Each structure stands twice: as C-alpha cells, then as structure tokens.
Q: 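Have a look at this one.
Values in this document were obtained by computation on a predicted structure and should not be read as measured data. Sequence lines set the chain letters: A, B, ... in the order given, protein chains first and strands last, and positions in each chain run from 1.
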Amino acid sequence: MPDEAPSGEVTRPRAQTLLAPRLLAWYDRHARRLPWRAPPGTAAQDPYLVWLSEIMLQQTRVEAVQPYFLRFKERWPTVEALAAADIDHVLTEWAGLGYYARARSLYACANEVAERHGGKFPRTQDALLELPGIGPYTSAAIAAIAFDVPATVVDGNVERVVARIFAVETPLPRSKPELRDKAATLTPQKRAGDFAQAMMDLGATICTPTKPKCSLCPWNDACVAKARGIQDELPRRDAKKANPTRRGIAYWLVDPDGAVLLRKRAEKGLLGSMIEVPSSDWIVGATPDVPDGAPAAAEWQRLPGIVRHQFTHFDLELTVLAATVKARNTDGLWTLPDNFGDVALPTVMRKVVAHAMKHTAYTPNDAAQMFEVAEKPKRRKKI
DNA sequence: TAAACGTGGCA
DNA sequence: TTGCCAAGTTT
C-alpha cells in the first residue's frame, strides 16, 4: 500500500521511507574523506569541483582519480581557467586516466559553461544533460551534490546495492530500468546529495561486488538478497563475449640528438588527440608486414619481446621496430625522452616507450635513467 | 540497441 | 595468467 506522496515525490511503501535516514546516519559516521567532497551535511560544494570529480570518476576508481583531481584543481582552479587552457595541456594532464573522450568533452564543457552560462553551471538535471560529457548519471550527481536537487543518482554501485536490497534477478544490463525505478523509491527529498554519495560509499566499501560485508551494512535487515542468501550472486550479468587480439608494429625512430619521433593521433576515436609512437594499423590476425605504417624508410631492427596491452574491447600486441636517422627526415613531434612527461602519452604508449628504451642504447650514457623517466612520467616538472 | 571507448587492481 | 569490472557517455 503506497503512502500519500507529496507532489513530485516517488510513491513508495512505508518501510522504504525508513531506509534513507538509516543510510544517512551511517554516512554521517562513515563517509570517506575525499578531496572533492565536503563533510556530510555541510555547506554546498563548488559545482566546478563536483563536476570535475564526477567526470573523472566515470568508470574510474576513486584511488585512480585522486592524484589527477588534485593536479587539475591546482592548475585550473576555476571553470574559466580550464576553459582558457590549451587543450593539449589538458590532455597531457589527463594522460594515463583513460577514456580520453572525457578530457575532450571536459574542455568543451568548460568552454560552454564559461561562454554560454556566464561561468556558472546550470542547476537542473535537464540543463546539465545538454552539456558535453554529461549523461544521466553525471547530471543527477551534480544536481544532487552541488545543488541539493533530489535527483536519483544511479551508477554501478547503486545498481548493485539496489539489485541486492530488492533481490532483482534480471541480469544487467536488461535490469537497468527496473533498478533505476527502484533506486528512485529510495531517494529522499532532503540531503539527496549526501544520500547519493552514501549509496556509492556503501557500494564501494560494504556492498562490494564480491564478499560483501553484510554484518557492517546499515540495511542488512532489509536486504532481500541477504535473507535469501544470494547476495554474492547479485547483480547477475549477461555473459560477455571474449575480446579479439589485434596486432601491430610501433616504430621507434631516433635522430642524432636522441630525439624520438612522436605524432598526434586522429582527433577522435581510440586514444583520440593523444600522442603516440608512430605505428601501423592494429589489426586482428597476423602482425602487419614491415614497413606497413612506417614513418620513414630506414633499417628497422626488431626489438626483442612484445608490448601487450588490454583495452576494453580488444587485446593489443605490439612489435617494436627501432631505427636511427642522420637527420629529421619526416614531420612529427621530435621529442627528447626528458620531455616525454610534457606530452599526452597514453599508458599503452608509455609501455612502448619503456620497452624501446629498455632494448635500445641510443643514449649510451644513461639509458637506465631515461627508462625511469619513461616509466614514471607522472612526476613531471611544470610546463 | 549495441558497440566503442582506457586503465588498474584484485581474485 | 586471465577475467572481472569500476562514481558512464557517445554514436
């Protein structure tokens, strides 16, 4: 029997109205302290920092985001500062975090906010949804966390918590609409931002994908999955098909100064707008023949070993070929390894760099030191 | 609707 | 070593 619901509020059984206060009480005691998060129940947070953190957190763990968030916050403290930045500097700062379309959308969004919204983020979910890189999750998260709008925030954590609380046995992603609707029945009218973060904290620390810590859960007495003993099996998922393996060749070309030829990838698509060691196409099947995709004619020497990398939808195996040239005979970004930290090299390309520097002695003096630079470019000097 | 789109930690 | 999958969005 549904309660009488105030206008705009989701109708829900009476028992469910008790759940949100219990979770908020748990959150008041157990909220993780994160650099983008104000303490529970305190003043509103800077919408710019909420937005920045939420974009970074898309499909990305808190631990991976933290150093990136702190560097962005320090370097670009406001949305106007970010909008005024050089996009390549933004991509360089993003390098290693993955899903690089997020960084391009981040920059586009900053410019829209700066130019069309007077530097202020819109306060409604619908208006936020219009901005680049902001979808259903992020619009709800910003509305709730930055503006205290009672929006329902649904991410992977919330889906897992809700699937267990209500024992939803339909596999993901088919169950998404049902999980969203059930999550909406839990969302309170007040402290929706804290509630959203509480749900995500609960999912991240208690209601974990494997071995959930039900004894510590503020909702354990209400959880249908736990009552049935199937909490470890939920949420179910449709089987995924195996990833294919693609193969290619990376070309490590060095000039007499020790500068290495790099180039910028196509603006969009895989690793869009990022910097790479020139390479062939990456194709399913056998490794392409030399000199497929080679940036110049040279006496290419195959380096021992292979560079492996896993993307979301395929595995990659790169053979690395190296050569030296007497002059910079082809266009590109000839870059000294000391400066690799200043370019937007994605992780797969850092692996190529590390591999090439390990197996070439093109700088006889201290290849080892340069290898270290390639392996750990995150601690780089300011540009 | 389904595929594309990164990376890293952990079992 | 391999597979899972995480504070999702875009096309």
Q: Using a 4.0 Å heavy-atom cut-off across all strands, classify A/Thr138 as base, sugar-phosphate, or nothing.
A: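 Sugar-phosphate, backbone atoms only, no base.
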Q: If you measure only the distance, is there a donor-acceptor pair under 3.5 Å linking the side chains of A/Arg102 and A/Thr60?
A: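 A pair is found: one side chain offers a donor N or O, the other an acceptor, under 3.5 Å apart.
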Q: With heavy atoms under 4.0 Å as the rule, sort A/Arg37 into base, sugar-phosphate or nothing.
A: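 Base: the residue A/Arg37, judged by heavy atoms under 4.0 Å, touches a nucleobase.
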Q: Tell me whether the OP1 or OP2 atom of C/dT10 has a side-chain N or O from A/Ser105 closer than 4.0 Å.
A: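 False: A/Ser105 side-chain N/O out of range (4.0 Å or more) of C/dT10 OP1/OP2.
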Q: Using a heavy-atom cut-off of under 4.0 Å over every strand shown, decide if A/Leu271 touches base, sugar-phosphate, or nothing.
A: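 Since only primed, P, OP1 and OP2 atoms lie under 4.0 Å of A/Leu271, the category is sugar-phosphate.
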Q: Is there a donor and acceptor pair closer than 3.5 Å between the side chain of A/Tyr99 and the base of B/dG6?
A: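 For A/Tyr99, whose side chain was compared with the base of B/dG6, there is a donor-acceptor pair (under 3.5 Å).
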Q: Looking at C/dA7, B/dG6, C/dC5, which one has an atom nearest to any side-chain atom of A/Phe311?
A: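 The listed nucleotide nearest to A/Phe311's side chain is B/dG6.
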Q: Which nucleotide in the list C/dC5, C/dT9, B/dG6 gets nearest to the side chain of A/Lys240?
A: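 Shortest atom-to-atom distance from the side chain points to C/dC5.
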Q: How would you label the contact of A/Gln310 with the nucleic acid (heavy atoms, under 4.0 Å): base, sugar-phosphate, or nothing?
A: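 Base: the residue A/Gln310, judged by heavy atoms under 4.0 Å, touches a nucleobase.
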Q: Establish, with yes or no, whether the OP1 or OP2 oxygen of B/dC5 is under 4.0 angstrom from a side-chain nitrogen or oxygen of A/His313.
A: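 A/His313 to B/dC5 OP1/OP2: side-chain N or O found under 4.0 Å.
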Q: Between A/Val348 and A/Lys241, which is nearer to the 5' end of DNA chain B once each is assigned its nearest nucleotide?
A: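 With A/Lys241 and A/Val348 compared, the 5'-side residue is A/Lys241.
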Q: Between B/dC5 and C/dA7, how far apart are the two P atoms, rounded to whole Å?
A: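 These two P atoms come out 23 Å apart once rounded.
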Q: Could you tell me how the ring of A/Trp219 sits relative to the ring of A/Phe195: parallel (under 30°), tilted (30 to 60°) or perpendicular (over 60°)?
A: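 Rings of A/Trp219 and A/Phe195: tilted, 30 to 60°.
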Q: Take atom P in C/dT11 and the same atom in B/dG6, then report the distance between them in whole Å.
A: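 Straight-line distance between the two P atoms is 13 Å.
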Q: Less than 4.0 angstrom from a charged side-chain N to a carboxylate O is my criterion; do A/Asp315 and A/Arg247 meet it?
A: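 Answer for the salt bridge query: no.
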Q: What I want to check is whether an N or O donor and acceptor connect the side chain of A/Thr60 with the base of B/dG6 at under 3.5 Å.
A: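 It does, because a donor-acceptor pair links the side chain of A/Thr60 to the base of B/dG6 below 3.5 Å.
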Q: OP1 or OP2 of C/dA7 sitting under 4.0 Å from any side-chain N/O of A/Ser53?
A: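 No, A/Ser53 has no side-chain N/O under 4.0 Å of OP1/OP2 on C/dA7.
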Q: Just wondering, do A/Ile142 and A/Pro122 contact through their side chains at under 4.5 Å, heavy atoms?
A: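 No, too far: nothing below the 4.5 Å cut-off.
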Q: Could you check whether A/Arg160 gets within reach of a base, just the sugar-phosphate, or nothing at all, counting any heavy atom under 4.0 Å?
A: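 The residue A/Arg160 makes sugar-phosphate contact but no base contact.
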Q: Between B/dA3 and C/dC4, how far apart are the P atoms? Round to whole Å, please.
A: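 Rounded to whole Å, the distance is 16 Å.
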Q: Answer with base, sugar-phosphate or nothing: what part of the nucleic acid does A/Leu34 contact at a heavy-atom distance below 4.0 Å?
A: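 If one applies the 4.0 Å heavy-atom cut-off, A/Leu34 turns out to touch a base.
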Q: Short question: side chain of A/Arg164, backbone of A/Gln231 - any donor-acceptor pair under 3.5 Å?
A: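 Yes.
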Q: I want to check one thing: is the phosphate of C/dG8, taken as OP1 and OP2, less than 4.0 Å away from some side-chain N or O of A/Gln59?
A: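 The answer is yes; a side-chain N or O of A/Gln59 sits under 4.0 Å from OP1 or OP2.
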Q: Tell me if the side-chain of A/Arg102 makes a donor-acceptor pair with the base of B/dA4, cut-off 3.5 Å, by modelled atom types.
A: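 Checked by distance alone, the answer is no.
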